[in-house]
Novice: 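The structure's right below; bear with me while I get my questions together.
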Protein chains: 2
Amino acid sequence: MKGGCCQHQHLPRAIQQPLSELTARLKEKSRKITGPRQAILDVLRRHQHPVTNKEIHAALASEGCDLATIYRNMHTLAAMGMVQRFDFGDGIARWELIAEGEDSHHHHLVCTQCSMIVEIEDCLPEGFEKALAARHGFTNVTHKLEFFGLCNRCSRAASTGATMTVP
Amino acid sequence: MKGGCCQHQHLPRAIQQPLSELTARLKEKSRKITGPRQAILDVLRRHQHPVTNKEIHAALASEGCDLATIYRNMHTLAAMGMVQRFDFGDGIARWELIAEGEDSHHHHLVCTQCSMIVEIEDCLPEGFEKALAARHGFTNVTHKLEFFGLCNRCSRAASTGATMTVP
DNA sequence: AGCTGATTTGCAAATGGTTTGCGTTGACTT
DNA sequence: AAGTCAACGCAAACCATTTGCAAATCAGCT
């Protein structure tokens, strides 16, 4: 699953957050504001859709940030609640910056052919998790939900018999 | 994420399917009915919850079925629509036998502490995917949905201050 | 500004799940 | 019974991710 970052339909929410605000959050949690850290956060700011570690690494090619450093930082940032991890079922972690304060809960609709991604605001009905938790005696219930399908362009290509991968 | 198969609350749907019926499905699609294949299907029959390749391999220790053979067969079976793959976000594939004919669509509620799994019948509201597809010009929209939380036992253990992992 | 201790980084090696190349075996057709 | 090709076992390759360790860097303090 490859995929670029530039089918932008609107500016990413995240980029509205200045880098300084992000580093401030680091300081709050007494985390050091290092070069690699800032570079990673800056890459995340510019992407509205989930980014893989490899993509971050590639984006930082000029600065030459180590992959291990990226992996370690994503863990740290996730533990701090600054980024959220998404899984599209291909075994590759994808990350998105979480906007401070506001409810950033959302899901994605991914084209299985060309990997185009659409952010989805819709979610499960209100109270769904609560009911589920109650029914099965669970607490702290959360969910992972992602949608997959063929985007407009790809489904057209498929139906007109153009070159395509077997499903 | 470890986890046994034996918190059975009811007999797995799948085991109701005799092995002979499963091999018949192989024959239909002109797939060879080999020893390893039957052994794998038999393991799947006995498990109501998703099983990892490693677990299948372990269950077949006596017969000594190669791991690569298991991986290859799961692919084949998935392509044939005989098994379904689930992802719990830990990068490990889990498989469940799909009952012939009947709608076997379901999700899971997984305890993040002890890995206990509950099968969930509830799903998104009727028409949800259709609406989503229409709104974004997609076709063939499907979804992956899994729930995570603390099971009864584990959340009790946590609140009484017993030994626990930091969240 | 310089010092110091703890965090963080880079590099290289190790993990762990999954895939693949290849020669051999064995299931099914004729 | 013989021939053919899918399927198998084994070993090596892949790829995302993790980890050990010594050197570099950051933050607070003097």
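Below, read A as the first sequence line, B as the second, and so on, with proteins coming before strands; counting in each chain starts at 1.
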Novice: Which residues satisfy the ring pair (Phe, Tyr, Trp, His ring centres under 6.0 Å) test with B:His108, sequence neighbours excluded?
Specialist: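 With neighbours one apart ignored, the set is B:Phe86, B:Phe88, B:His106.
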Novice: Rounding to a whole Å, what distance do you find between B:Ile92:CD1 and C:dT15:P?
Specialist: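 Interatomic distance, CD1 of B:Ile92 to P of C:dT15: 17 Å.
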Novice: From CD of A:Glu55 over to C1' of D:dT17, roughly how many Å is that when rounded to an integer?
Specialist: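 So the CD-C1' distance, A:Glu55 to D:dT17, works out to 16 Å.
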Novice: Which atoms of nucleotides 10-14 of chain C (N or O only) lie under 3.5 Å from a protein N or O atom, and what are those distances?
Specialist:
unit_1: C:dG10; atom_1: OP2; unit_2: A:Asp66; atom_2: N; d: 3.2
unit_1: C:dG10; atom_1: OP2; unit_2: A:Thr69; atom_2: OG1; d: 2.6
unit_1: C:dG10; atom_1: N7; unit_2: A:Arg72; atom_2: NH2; d: 3.1
unit_1: C:dG10; atom_1: O6; unit_2: A:Arg72; atom_2: NH2; d: 3.0

Novice: Check the distance between D:dC15's C1' and A:Lys54's NZ and give it to me in whole angstrom.
Specialist: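 Atom NZ in A:Lys54 sits about 8 Å away from atom C1' in D:dC15.
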Novice: Report the distance from atom CD1 of A:Ile56 to atom P of D:dT17, rounded to the nearest whole Å.
Specialist: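 Distance, rounded to whole Å: 11 Å.
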Novice: A:Glu63: which residues meet the side-chain contact (heavy atoms from CB on, under 4.5 Å) condition with it, sequence neighbours left out?
Specialist: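 Listed in chain order: A:Ala39, A:Leu60.
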Novice: Can you pull the salt bridge (Lys or Arg N to Asp or Glu O under 4.0 Å) pairs that have at least one residue in residues 74-88 of chain A, sequence neighbours excluded?
Specialist: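 Qualifying pairs, neighbours excluded: A:Arg85-A:Asp87, A:Asp87-A:Lys144.
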Novice: Of all residues at least two apart in sequence or in a different chain, which pass the salt bridge (Lys or Arg N to Asp or Glu O under 4.0 Å) check with B:Arg153?
Specialist: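 Per chain and number, B:Arg153 pairs via salt bridge (Lys or Arg N to Asp or Glu O under 4.0 Å) with no residue.
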Novice: Taking 4.0 Å as the cut-off, does a side-chain nitrogen or oxygen of B:Asn73 come that near to OP1 or OP2 on D:dC8?
Specialist: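 So the side chain of B:Asn73 is within the cut-off, an N or O lying under 4.0 Å from OP1 or OP2 of D:dC8.
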Novice: Just jot down the side chain to side chain donor-acceptor pair (under 3.5 Å) partners of A:Asp42, sequence neighbours excluded, or say none.
Specialist: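 Scan of A:Asp42 (side chain to side chain donor-acceptor pair (under 3.5 Å), adjacent residues dropped) gives A:Arg45, A:Arg46.
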Novice: Please report, to 0.1 Å, the donor-acceptor pairs under 3.5 Å made by any side chain of residues 123-132 of chain B, with sequence neighbours excluded.
Specialist:
unit_1: B:Glu129; atom_1: OE2; unit_2: B:His143; atom_2: N; d: 3.3
unit_1: B:Glu129; atom_1: OE2; unit_2: B:His143; atom_2: ND1; d: 2.3

Novice: What nucleic acid atoms does A:His75 come within less than 4.0 Å of, heavy atoms only: base, sugar-phosphate, or nothing?
Specialist: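 Counting heavy atoms under 4.0 Å across all strands, the contact made by A:His75 is with sugar-phosphate only.
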Novice: Would you mind reading off the bend of the helix from C:dA1-D:dT30 to C:dT30-D:dA1 from its two end axes, five pairs each, to 10 degrees?
Specialist: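 Roughly 30° between the end axes, to the nearest 10°.
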Novice: Below 4.0 angstrom from OP1 or OP2 of D:dT18, is there any side-chain N or O of A:Tyr71?
Specialist: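 Checking D:dT18 against A:Tyr71, no side-chain N or O comes under 4.0 Å of OP1 or OP2.
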Novice: Over how many whole Å does the gap from B:Glu28 atom CD to C:dC28 atom P extend?
Specialist: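 In whole Å, C:dC28 P lies 15 Å from B:Glu28 CD.
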Novice: With side-chain contact (heavy atoms from CB on, under 4.5 Å) as the test, pick out the partner of B:Trp95 among B:Val83, B:Ile70, B:Leu77.
Specialist: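 The residue from B:Val83, B:Ile70, B:Leu77 that satisfies side-chain contact (heavy atoms from CB on, under 4.5 Å) with B:Trp95 turns out to be B:Val83.
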Novice: Which comes earlier along DNA chain D counting from the 5' end, the contact point of B:Thr76 or that of A:Ala93, where each point is its nearest nucleotide?
Specialist: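 Nearest-nucleotide comparison on DNA chain D picks B:Thr76.
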Novice: Starting at the 5' end of nucleotides 23-30 of chain D, put B wherever the base has a protein heavy atom under 4.0 Å, S where only the sugar-phosphate does, and a dash everywhere else.
Specialist: ---BS---
Novice: Looking only at side-chain N and O atoms, does B:Asn53 come under 4.0 Å of OP1 or OP2 in C:dT18?
Specialist: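 Looking at the OP1 and OP2 atoms of C:dT18, one of them is under 4.0 Å from a side-chain N or O of B:Asn53.
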Novice: Under 3.5 Å, is there a donor-acceptor pair between the B:Glu96 and B:His49 side chains?
Specialist: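 No pair is found: no donor N or O on one side chain lies under 3.5 Å from an acceptor on the other.
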Novice: How would you list, by chain and number, every residue that makes a salt bridge (Lys or Arg N to Asp or Glu O under 4.0 Å) with B:Arg25, sequence neighbours excluded?
Specialist: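 Partners of B:Arg25 under the salt bridge (Lys or Arg N to Asp or Glu O under 4.0 Å) test: B:Glu100.
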Novice: Taking NZ from A:Lys29 and C1' from C:dT8, how many angstroms apart are they, rounded to a whole number?
Specialist: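 Nearest whole value for this atom pair: 18 Å.
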Novice: Over how many whole Å does the gap from A:Asp90 atom CG to D:dC14 atom C1' extend?
Specialist: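 Nearest whole value for this atom pair: 15 Å.
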Novice: Once side chain to side chain donor-acceptor pair (under 3.5 Å) is applied, do any residues pair with B:Arg72, and if so which ones, sequence neighbours excluded?
Specialist: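 Applying side chain to side chain donor-acceptor pair (under 3.5 Å) to B:Arg72 gives none.
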Novice: What is the separation between atom CE on B:Met80 and atom C1' on D:dA7, rounded to the nearest whole Å?
Specialist: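 Nearest whole value for this atom pair: 14 Å.
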Novice: Applying the side-chain contact (heavy atoms from CB on, under 4.5 Å) criterion to B:Phe138, which one of A:Val118, A:Val110, A:Thr112, A:Leu150 satisfies it?
Specialist: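 Checked A:Val118, A:Val110, A:Thr112, A:Leu150 against B:Phe138; only one passes side-chain contact (heavy atoms from CB on, under 4.5 Å): A:Val118.
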Novice: Restricting to side chain to side chain donor-acceptor pair (under 3.5 Å), what partner residues turn up for A:Asn152, sequence neighbours left out?
Specialist: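 For A:Asn152, the residues satisfying side chain to side chain donor-acceptor pair (under 3.5 Å) (neighbours in sequence not counted) are A:Arg156.
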